[in-house]
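This report concerns only the one structure given below.
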2 protein chains.
Amino acid sequence: MGTFPDLRKFGGADAFLRACKPRVAIELLSDKWSMLVLGALLFGPRRFGELRRMLDGITPKMLTRTLRSLERDGLLTRTVYPTVPMRVEYALTDLGESAAGMLAVITTWGAEHAEEILAARRAYDARPPAGETPVPA
Amino acid sequence: MGTFPDLRKFGGADAFLRACKPRVAIELLSDKWSMLVLGALLFGPRRFGELRRMLDGITPKMLTRTLRSLERDGLLTRTVYPTVPMRVEYALTDLGESAAGMLAVITTWGAEHAEEILAARRAYDARPPAGETPVPA
DNA sequence: CAGCATCCCCACGGATACTG
DNA sequence: CAGTATCCGTGGGGATGCTG
């Protein structure tokens, strides 16, 4: 069928149904802020406020929730320095770095095909309401 | 920092803020069913009912919505055969196949790291409520 | 067969205000 | 500084029933 890695090697579509292994990756990608946070941490360890400023538009609540979730999954570490004022630093783990690697793949794909997709979208939206049904046979 | 492709080449975190190009990929991934449908179509063109059966748990409404969205983005084609009873076939485009390639990357990553993540999750959940704060310096 | 229409729920996530 | 607490609107998506 194609030149891409054969999905069936990994279980194909079945691999995604129900609560199966690779689903964790999908959940990660599906979350609005997770990959953004990982991306931000690629620049090195960052503090709460720094991340907040890097991720324009994120609220403290969502940043906290996202960081907790990523920490729980072992994608980043949270280190508290009990200074005054307090200081907390977040850093990617190896696992987190590899997850960010996925982000790179996705970003690349998106950058390469965005124009094509947007063009298809325009064409679709511009086509006649009641249409000629493409009838090959 | 790592061995993965350098995100900054693509604009880094900034590349994701607001409505920028690579975001279309994220939207694709974020949708609950889109990548599953693409994965199913990797096995070849399929009819509505076939897809419905392959994607256990999907409702007709969501299948329709997902297919329409993917068609609009040029990831698959929809061909109507006006037979009796009616027959509609969905097939990946080249663009759709390349998108499914992303799925392979993600699936692989998920399969390789799922156990690690689940272990981290168990460890996190099992740790003492009020905790020893890791104080390096 | 391949959908479309409708109702409805609740979880995601934003805004705002407060605390150790 | 680094969060927590609370309220609340939106819409994603399930269930059900009907149609060309």
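Convention: sequence-line order gives letters A, B, ...; per-chain numbering from 1. The analysis underlying the following values was restricted to heavy atoms, covering all of them including side chains, and did not include hydrogens, waters or symmetry mates.
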For a salt bridge (charged side-chain N to carboxylate O under 4.0 Å, His left out) check, start with the C-alpha distance between B:Arg122 and B:Glu115, then their side-chain angles and the critical distance, and finish with the verdict.
CA-CA 11 Å; B:Arg122 281 191 299 270; B:Glu115 207 44 64; 3.7 Å; yes
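- Separating the CZ atom of B:Arg52 from the P atom of C:dG3 is a distance of 11 Å, rounded to the nearest angstrom.
- The nearest whole Å value for the distance from the CD atom in A:Glu50 to the C1' atom in D:dC1 is 12 Å.
- A:Arg47 comes within 4.0 angstrom of the backbone, heavy atoms only, and of no base.
- Of the residues near DNA chain D, A:Thr64 and A:Pro85, the one whose nearest nucleotide (by heavy atom distance) lies more toward the 5' end is A:Pro85.
- A close approach under 4.0 Å does not occur between any side-chain nitrogen or oxygen of A:Arg78 and OP1 or OP2 of D:dA2.
- Rounded to whole Å, atom P of C:dA2 lies 15 Å from atom CD of B:Glu71.
- Between the axis at the start and the axis at the end of the helix from C:dC1-D:dG20 to C:dG20-D:dC1 there is an angle of 50°, using five pairs per end and rounding to 10 degrees.
- The cationic atom of B:Arg52 (NZ for Lys, CZ for Arg) does not lie both less than 6.0 Å from the six-membered ring centre of B:Phe48 and within 45° of the ring axis.
- Nearest heavy atom pair, residue B:Gly96 against residue B:Leu38, reads O-CD1, 4.4 Å.
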What is the per-nucleotide protein-contact pattern of nucleotides 10-20 of chain C, from the 5' end, where B denotes a base atom under 4.0 Å from a protein heavy atom, S denotes such proximity for sugar-phosphate atoms only, and - denotes neither?
---BBB-----
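- Between B:Arg46 atom CZ and C:dG3 atom C1' the separation is 20 Å, expressed in whole Å.
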